[in-house]
Amino acid sequence: MFESYAELVKEKEKQGKKTLPPLPGAEPGKVKTRFAPNPDFVIHLGNARPAILSHEYARMYKGKFILRFEDTDPRTKSPLGDVYSLIKEDLNWLGIDWDEEYIQSKRLPIYYEIARKLIRKGGAYIDTCPREVSRELIVKGRACPTRDNPIEWHLEQFEKMVEGEYGEGEAVLRVKTDLSHPDLSVRDWVAIRIIDTTKYPHPIVGSKYFAWPTYNFAVSIDDYMMGVTHILRGKEHQQNTLKQMYLFDHLEWKYPIAIHFGRLHLEDFIMSKSLIRKLLSENPDKFWGYDDPRFGTIRGLRRRGILPEAIRQLILEVGIKGTDSRVSFSNLAAINRKLLDEKAHRIMFVSNPLKVQVTGFDEIIAKIPVHPSIKVHRVYKVRSGSEIWINKDDLGHKQLRLIGLGNFEVDGKRLTFIGNDVSYAKKNKLPIIQWVPAESSVETRVYKPIGLEFEVEEGLAEPGLLEYKPGDQLQFIRYGFIRIDTLEKPRVNVVFSHE
RNA sequence: GCCGCGGUAGUAUAGCCCGGCCAAGUAUGCGGGCCUUUCGAGCCCGUGACCCGGGUUCAAAUCCCGGCCGCGGCACCA
């Protein structure tokens, strides 16, 4: 157990890790945070912010972290059955583990129980006015006349709502707040409404329930009952915090500490759930799915070759500021590059290939280092007079050095060996270039995400590429980092991560 | 329109609560150098910011007021 925040920080720094600013009101061992996604879509980089920060703070203070699925709207934000597990996969991949897991749709009886309690306390009422009528009254600072009915009446109507005797729009449970609050949505906000689940079945509980809690109602109850001490979420929830506080007051509960941070935009990437959904349904041939590397979804970034640790570092760096952050991809790439560089194996890949002949020696055993800091090599035997592929653009020099082969003099499409001295190459600033043996190259297609498009580049890689499998991340020498995506017979498809 | 939050270098962030040690730290980017028997990296040096205007004070990035700009919310969505 740590005595203070200062010690927590010291401990972290000892491990060489980035630290977050202290969490207000946090006591080591007692912090409890949660990440509460709506399973209507896979999570993206923006969602990773509350997830990673909440998790990080919980771990930092040796507290608990909860994963909670907020799936209480089968009508307009219909949860998708497979998304629950996809989100869990994404979180695991990000290195997030959780101590407790809940699904709100399985907790409706709990919300009903609290609703009854709240009605008995006079903190909520059943509104059976037509929706437009209630609306007009609330705008004027008044309310549906049923607000003043006796508590017994409300309790009865509530049971009718639960039993399914009311149809959609015929009755709602409202929390009493302040009918003169400047924000109209705060005035007597809706806690429970009817959703006809015979028309909109819920992927988990089907058509079992008709009375569904709204976000604010379910969140409040869960945060209280689960003992959440700190709520970290985006500033789009600021008004919700206000609404929820009325409920906490009615029930005499203490509100957790809430922190609202700004939005996180990754420039040039689509993060909007609705837009991605639309693109996928309208262009099924153009996009690859939730994990298309052109999308800012967590799985998209993974397929692009972004490491989970890079995402974590970015989020920790951005922190809990209230302002929006516009992060460029090159910034994320810079973090990723640093992590990738020390472990990505090197492969010689030639784009824009041109066949040339090498002469002026007998036979050279070219040793290509798998990685500059490892003493393992791939070996290619090259005889004088044989052909290799190099990038056409590299031919514009008088002399050049071919990695592992030596220094050469350029004469048209013929390269003549002039020595193997590296210092000569350095001294004369010869470009040190990659090449691929002509008789055993690997056809390679590179997909470079550019906005919503792919720039496709065909090229040839050295045979060593075949030692790797989809998902492996490599550096194509003088080209950039790539992630092997799929193997298509003789061809290898890779996704370009970044330079 | 109403309500709320915020504005530090190209980008991101520290500092702001508890004014002085901040002629503002860090990362990335950019420029230059060094090292290395091969790409990359690493190391060193340099570049560059407190939205504007008033006020309080011996002293303001930090406190107060006004303006401007950005963002969020104003659902029987989450």
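Lettering of chains follows the sequences in order, A, B, ..., and the numbering in each one begins at 1. Values below: every heavy atom of this structure, side chains too, minus hydrogens, waters and symmetry copies.
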Hey, is the side chain of [X] poking within less than 4.0 Å of OP1 or OP2 on [N], counting only N and O atoms?
X         : N      : answer
Arg75(A)  : C77(B) : yes
Lys321(A) : A12(B) : no
Arg193(A) : A75(B) : no
Arg263(A) : C5(B)  : no
Ser325(A) : U13(B) : yes

Salt-bridge criterion met for [X] and [Y] (N-O under 4.0 Å):
X         : Y         : value
Arg34(A)  : Asp223(A) : yes
Glu309(A) : Arg312(A) : yes
Arg75(A)  : Glu168(A) : yes

Euclidean distance, atom [atom1] of residue [X] to atom [atom2] of [N] [Å, nearest integer]:
X         : N      : atom1 : atom2 : answer
Phe261(A) : G6(B)  : CZ    : C1'   : 15 Å
Tyr209(A) : C76(B) : OH    : P     : 24 Å
His181(A) : G4(B)  : NE2   : C1'   : 10 Å
Ile320(A) : C5(B)  : CD1   : C1'   : 14 Å

Earlier contact from the 5' end, RNA chain B, for Tyr479(A) and Val327(A)
Val327(A)
For Lys338(A) and Pro37(A), take the nucleotide of RNA chain B holding the closest heavy atom to each; which residue's nucleotide lies nearer the 5' end?
Lys338(A)
Pairwise [atom1] distance for [N] and [M], with rounding to whole Å:
N      : M      : atom1 : result
A12(B) : A49(B) : C1'   : 13 Å
G66(B) : U56(B) : C1'   : 15 Å
C3(B)  : G20(B) : C1'   : 38 Å

Return the orientation label for the Phe476(A) and Tyr479(A) ring planes: parallel under 30°, perpendicular over 60°, tilted otherwise.
tilted
